[in-house]
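These notes are about the structure you will find just below.
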Number of protein chains: 2
Amino acid sequence: MTTTPLEVGLDRSSPVPLYFQLAVQLEAAIDCGELAPGQRLDNEIELADRLGVSRPTMRRAIQELVGKGLLVRKRGVGTQVVQGALKRDVELSSLFDDLAKAQRRPSTDVLVVERRRPDDGVATALGLQPEEDAVYLERVRKADDVPLAIMRNWLPLDLAPSPELLRTRGLYDLMRGTGIHLRIASQRIGATSATSEQGRLLALRKGAPLLTMERVTYDDSGRPVELGRHVYRAESYSFQITLVSR
Amino acid sequence: MTTTPLEVGLDRSSPVPLYFQLAVQLEAAIDCGELAPGQRLDNEIELADRLGVSRPTMRRAIQELVGKGLLVRKRGVGTQVVQGALKRDVELSSLFDDLAKAQRRPSTDVLVVERRRPDDGVATALGLQPEEDAVYLERVRKADDVPLAIMRNWLPLDLAPSPELLRTRGLYDLMRGTGIHLRIASQRIGATSATSEQGRLLALRKGAPLLTMERVTYDDSGRPVELGRHVYRAESYSFQITLVSR
DNA sequence: TAGTGGTCTAGACCACCTC
DNA sequence: AGGTGGTCTAGACCACTAA
């Protein structure tokens with residue numbers, strides 16, 4: 001008698017790793033309620049055997065979901081589905097991608113694209129030489145024509161994007177298109193009050209609450225490739241995060 | 001000729017896993033600059049061999065630091081230390097712990113501790129029955145006697161903490177002390193303006209910017225054990241996050 | 001005591017990058 | 001072509017939990 005029937009189909013000729021195929025299908029089973037909150041899974045040896053993979057591969061699949069906060073494991077006890085519907089998290093994606101995914105219609109007003117001397121903080125974060133210039137961008141991102149955020153970015157000169165493309169696509173999307181692999185982002189989130197200038201751009205009164213984010217993004221060689229200093233309308237945006245302790 | 005001398009000492013009789021001992025010492029080497037930003041590590045087979053562990057164990061140690069955003073790997077190329085000093089992240093800890101660690105002197109005004117009927121949103125998040133009561137807490141957290149945050153919490157009745165202890169210790173600390181193992185926290189971060197009541201408690205004018213956090217915490221069996229709705233003085237607090245893509 | 005997850009090993013084959 | 005990390009296997013022993 002098994003506690004989880006759980007049928008999965010694996011394609012061993014696919015380039016997609018087995019552990020990943022397993023993790024995706026387990027996650028789908030949780031999402032659709034086939035694995036209910038609080039329900040216990042069979043032990044990993046049983047599962048590995050039934051699904052036709054080795055125990056380490058099965059463990060790795062389970063570990064993916066533990067890392068996402070969807071499963072919980074206790075030694076000597078077993079593996080359970082977490083109680084409580086989980087929301088999806090902030091990912092290494094741009095606001096543009098997020099809006100498109102949420103079926104909103106994103107657009108961008110490009111205010112500034114120019115070569116400029118960065119301040120010390122920016123130069124240090126991007127690893128530039130003391131006298132080295134960078135590209136400065138200033139944009140207003142709208143969703144369904146309602147202004148949502150003011151985005152100010154600094155990039156190394158060799159990564160300057162085309163102003164025309166910036167109007168219709170997100171910065172991350174453009175960078176990926178030029179062969180840059182974004183890997184790590186370090187973000188700091190805070191709050192502030194709108195200046196009159198910010199209020200004008202976001203159709204808010206001066207002093208309205210804003211959510212702020214400063215972010216440095218690194219590519220897969222660990223090189224800093226972008227610094228962003230953005231402010232968001234507080235009533236229209238928030239950040240979702242899940243923390244899992246080891 | 002090795003690119004990284006890297007001396008590490010392993011204790012195979014310790015209950016601390018080998019991969020963890022390795023990860024800690026690697027991280028220390030990065031922190032103290034023995035492994036410089038941008039520097040390439042030896043390949044993992046060489047490293048495993050030199051340090052006297054198997055390749056999977058060595059991989060796992062490296063993977064720990066990749067997950068923390070301290071190392072970056074590229075297939076066919078190698079493993080590098082990330083450029084740019086990384087800051088430490090939000091963890092599964094309370095504001096009280098954070099302040100104590102930062103050498104500030106935390107204290108707490110306990111305003112409310114009572115049994116109360118939660119609204120639907122709270123009841124759902126905590127997995128309570130429709131007519132079930134919960135414990136409601138309202139506190140003001142101060143650092144060096146300056147008010148920093150208003151904290152409102154809901155807990156299941158059986159987890160009610162002692163009002164006396166709340167004054168001198170953090171909620172998470174107290175919960176851990178009663179044998180609860182906090183595992184997962186799901187947080188949403190936003191911004192708002194201070195109401196006159198919030199302004200009074202935080203020594204701010206009405207309309208001042210506040211950082212908001214709503215958080216649900218789960219224990220190691222996946223049970224929701226706490227819901228917090230907190231507001232922070234914007235000028236005194238921010239959240240640090242690191243994202244790593246697979 | 002029986003069952004669970006946690007760790008570790010030794011080896012294999014593959015995909016990707018650089019030269 | 002050679003070197004790198006990515007994946008997968010089959011097995012072993014241990015620590016923790018619950019009955």
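Numbered from 1 within each chain, the chains take letters A, B, ... in sequence-line order. Treat the numbers as computed from the prediction; the structure is a model and nothing was measured. Below, each value reflects all heavy atoms present in this structure, side chains not excepted, and no hydrogens, waters or symmetry copies.
- Rounded to whole Å, atom P of C:dG6 lies 7 Å from atom CD of A:Gln63.
- If you check every strand for non-hydrogen atoms under 4.0 Å, B:Pro17 touches sugar and phosphate atoms only.
- For D:dT7, one of the phosphate oxygens OP1 or OP2 lies less than 4.0 angstrom from a side-chain nitrogen or oxygen of A:Tyr19.
- Heavy atoms of other residues, nucleotides or ligands lying less than 6.0 angstrom from CG of A:Asp11 number more than 12.
- Across all strands shown, B:Ile45 has no heavy atoms under 4.0 Å from either base or sugar-phosphate atoms.
- Between the C1' atom of C:dC17 and the CD atom of B:Gln80 lies a distance of 13 Å, rounded to the nearest Å.
- The only member of A:Arg188, A:Arg229, A:Arg152 that meets salt bridge (Lys or Arg N to Asp or Glu O under 4.0 Å) when paired with A:Glu214 is A:Arg229.
- Between the CZ atom of A:Arg73 and the C1' atom of C:dT4 there is a distance of 9 Å, rounded to whole Å.
- Taking the ring centre of A:Tyr19 as origin, the terminal cationic atom of A:Arg60 falls inside the region bounded by 6.0 Å and 45° from the ring axis.
- Between B:Glu44 atom CD and C:dT9 atom C1' the separation is 15 Å, expressed in whole Å.
- If you check distances only, the side chain of A:Arg60 never reaches the base of D:dG6 with a donor-acceptor pair under 3.5 Å.
- For B:Gly78 and A:Val16, each mapped to the nucleotide of DNA chain D holding its nearest heavy atom, the one lying further toward the 5' end belongs to B:Gly78.
- In this entry the distance linking CG of B:Leu47 with P of D:dT4 reads 11 Å, nearest Å.
- The side chain of B:Thr79 places an N or O atom within less than 4.0 Å of a non-bridging phosphate oxygen (OP1 or OP2) of D:dG5.
- Between the CG atom of A:Leu41 and the P atom of C:dT4 there is a distance of 12 Å, given to the nearest Å.
- Between A:Thr57 and D:dT7 there is no side-chain polar atom (N or O) within less than 4.0 angstrom of OP1 or OP2.
- Checking B:His181 against B:Gly76, the closest nucleotide of DNA chain D that is more toward the 5' end is the one next to B:Gly76.
- Cation-pi contact between A:Arg183 and A:Tyr218: absent, since separation from the ring centre below 6.0 Å together with deviation from the ring axis within 45° is not met.
- Of the two residues near DNA chain C, A:Lys74 and B:Met58, the one whose nearest nucleotide lies more 5' is A:Lys74.
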- Worked check of side-chain contact (heavy atoms from CB on, under 4.5 Å) between A:Leu171 and A:Arg139: CA-CA 10 Å; A:Leu171 178 59; A:Arg139 296 169 293 158; 3.8 Å; yes

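- Residue A:Arg55 places none of its side-chain N or O atoms closer than 4.0 Å to OP1 or OP2 of D:dT9.
- Distances shown here put a side-chain N or O of B:Arg12 below 4.0 Å from the OP1 or OP2 atom of C:dT9.
- A sub-4.0 Å separation between OP1 or OP2 of C:dT4 and a side-chain N or O of A:Asn43 is present.
- Between the CD atom of B:Glu46 and the P atom of D:dG2 there is a distance of 19 Å, rounded to whole Å.
- More than 12 heavy atoms of other residues, nucleotides or ligands sit less than 6.0 Å from atom CG of A:Asp158.
- Of the side-chain N and O atoms in B:Arg59, none sit less than 4.0 angstrom from OP1 or OP2 of C:dT9.
- What separates CG of A:Asp220 from P of C:dC16 is a distance of 14 Å, to the nearest Å.
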